[in-house]
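Quick notes on the structure that follows.
Note on naming: letters A, B, ... go to the chains in the order of the sequence lines (proteins, then strands), and numbering restarts at 1 for each one.
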Amino acid sequence: MFFRHLFSVVRKTAVCVAMEASNATASVECKTHNSPPSVEEVLKMKWEREQKDLKEKMLLMDVDDWSKLKITTDVVNKFPQKLCLRYVGGVDISFIKGDDVNACAAFVVLEFPELKIIYKDISMVQLTAPYIPGFLAFREVNSLKEKIEKLKNIQPSILPQVVLVDGNGILHPRGFGLACHLGVLTDLPTIGVAKNLFCVKKLQDAGDWLPLIGISGKQHGVIYRSCKESTNPIYISPGHKISMETAIWVVEKCINYRIPEPTRQADILSREYIRSLCNKGESDKKPSHKKKKRERGQKRNEFDNPMPSETCEDESYLGPGLDLWDS
DNA sequence: GCGACAG
DNA sequence: ATCTTGTCGC
């Protein structure tokens with residue numbers, strides 16, 4: 001059972017998590033009408049409304065047959081393809097060191113359950129919006145959405161039945177992370193898979209706390225140990241048109257290494273592209289791909305930073321009743 | 001006032 | 001996100 005892999009968090013990333021205020025106010029603090037609002041504050045208020053509107057279209061349940069049946073490897077050929085999970089997508093964006101605008105976006109489709117790449121779309125994109133914590137989607141979602149829409153047009157037969165997104169789903173200050181945003185805009189099931197815990201609510205006052213093994217109410221996501229080689233967990237939350245249970249099931253089936261294959265491949269390919277940019281002429285925007293792959297360089301990233309030995313006493317795994325933040 | 005903050 | 005080698009362990 002994958003739930004056995006869930007473990008209580010004693011890592012530093014989790015320490016900063018705080019309890020959500022019961023009287024949830026807008027997370028964007030409006031200054032008292034003394035100083036004029038900064039550009040960032042204006043953006044936050046505008047984007048917060050947008051998130052709220054889009055969130056109404058979000059669906060947190062399994063809507064497709066494959067997600068209800070969860071037919072696995074051995075019987076996959078005995079059923080009509082419509083009932084099976086066959087195509088899993090992954091998206092990721094990589095950046096150049098000193099460039100805030102130009103980045104490389106990758107969208108891949110893997111065949112399931114073999115997890116082999118059958119489609120890839122990697123290209124440079126322009127990211128104009130700034131990155132503001134809690135509003136990642138406004139920086140990245142358009143580039144990703146375009147690639148998905150492109151596939152809808154040129155080869156809808158291999159359109160992924162679910163897309164894994166690097167970033168959070170409902171595990172988000174306002175319950176609407178990048179995975180949700182992308183899901184609603186593309187009308188595809190999405191799953192958020194983050195490599196770091198995003199604090200849903202900052203510690204407001206001394207004494208504020210958050211039970212990781214929850215108390216009541218809504219479950220925002222799970223902390224998931226994806227493989228035995230790494231104690232460093234990932235953070236899974238449903239994005240759109242998928243249930244918590246199915247989201248975990250999909251991620252589990254996509255694990256070769258710590259990061260599920262769809263997003264891992266998207267990450268590898270976009271980095272590779274950026275790298276070939278640097279090796280090539282700096283003025284040329286269209287570099288020719290070099291087939292040179294650094295087998296060892298990749299491998300390093302696969303097993304990220306092991307947990308410090310002092311924090312390794314986490315034999316306390318969470319049970320199936322895991323709750324996270326209340327909403 | 002300062003640090004933290006998915007990617 | 002990005003800057004970065006070797007190294008320890010199964």
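- What separates CG of Leu178(A) from C1' of dA1(C) is a distance of 13 Å, to the nearest Å.
- Comparing dC5(B), dG7(B), dC3(C) by their nearest atom to the side chain of Glu140(A) picks out dG7(B).
- Contact check, Arg271(A) against dT2(C): a side-chain N or O comes under 4.0 Å of OP1 or OP2.
- Separating the CD1 atom of Ile93(A) from the P atom of dA6(B) is a distance of 16 Å, rounded to the nearest angstrom.
- Relative ring orientation between Trp249(A) and Phe112(A) is described as tilted, the plane-to-plane angle lying within the 30° to 60° band.
- Atom CZ in Arg174(A) sits about 13 Å away from atom P in dA6(B), given to the nearest Å.
- In this structure, Asp166(A) reaches the sugar-phosphate backbone alone: every heavy-atom distance under 4.0 Å involves primed, P, OP1 or OP2 atoms, never a base.
- Rounded to whole Å, atom P of dA6(B) lies 20 Å from atom CG of Leu164(A).
- When distances run from any side-chain atom of Lys195(A) to the nucleotides dG7(B), dC5(B), dT2(C), the shortest one goes to dG7(B).
- A salt bridge links Lys241(A) to Asp187(A): at least one charged side-chain nitrogen sits closer than 4.0 Å to a carboxylate oxygen.
- Both the sub-6.0 Å distance and the 45° axial angle are not jointly satisfied by Arg271(A) relative to the ring of Phe95(A).
- Around atom NZ of Lys152(A), more than 12 heavy atoms belonging to other residues, nucleotides or ligands sit under 6.0 Å away.
- Taking the charged nitrogens against the carboxylate oxygens, Glu41(A) and Lys44(A) have no contact shorter than 4.0 Å, which rules out a salt bridge.
- In this structure, the CG atom of Leu144(A) is 11 Å from the C1' atom of dG7(B), given to the nearest Å.
- Phosphate proximity of dC5(B) to Asn196(A): absent, as no side-chain N or O sits under 4.0 Å from OP1 or OP2.
- The aromatic ring of Tyr235(A) does not stack onto the base of dA6(B), failing the criterion of a centre distance under 5.5 Å from the six-membered base ring together with planes under 30° apart.
- If you take OH of Tyr257(A) and P of dC10(C), they are 19 Å apart, rounded to a whole angstrom.
- When rounded to the nearest whole Å, the span between CD of Glu40(A) and C1' of dC5(B) equals 11 Å.
- To the nearest angstrom, P of dC3(C) lies 13 Å from CG of Asp100(A).
- In this structure, Gly134(A) reaches the bases: a heavy-atom distance under 4.0 Å links it to at least one base atom across the strands shown.
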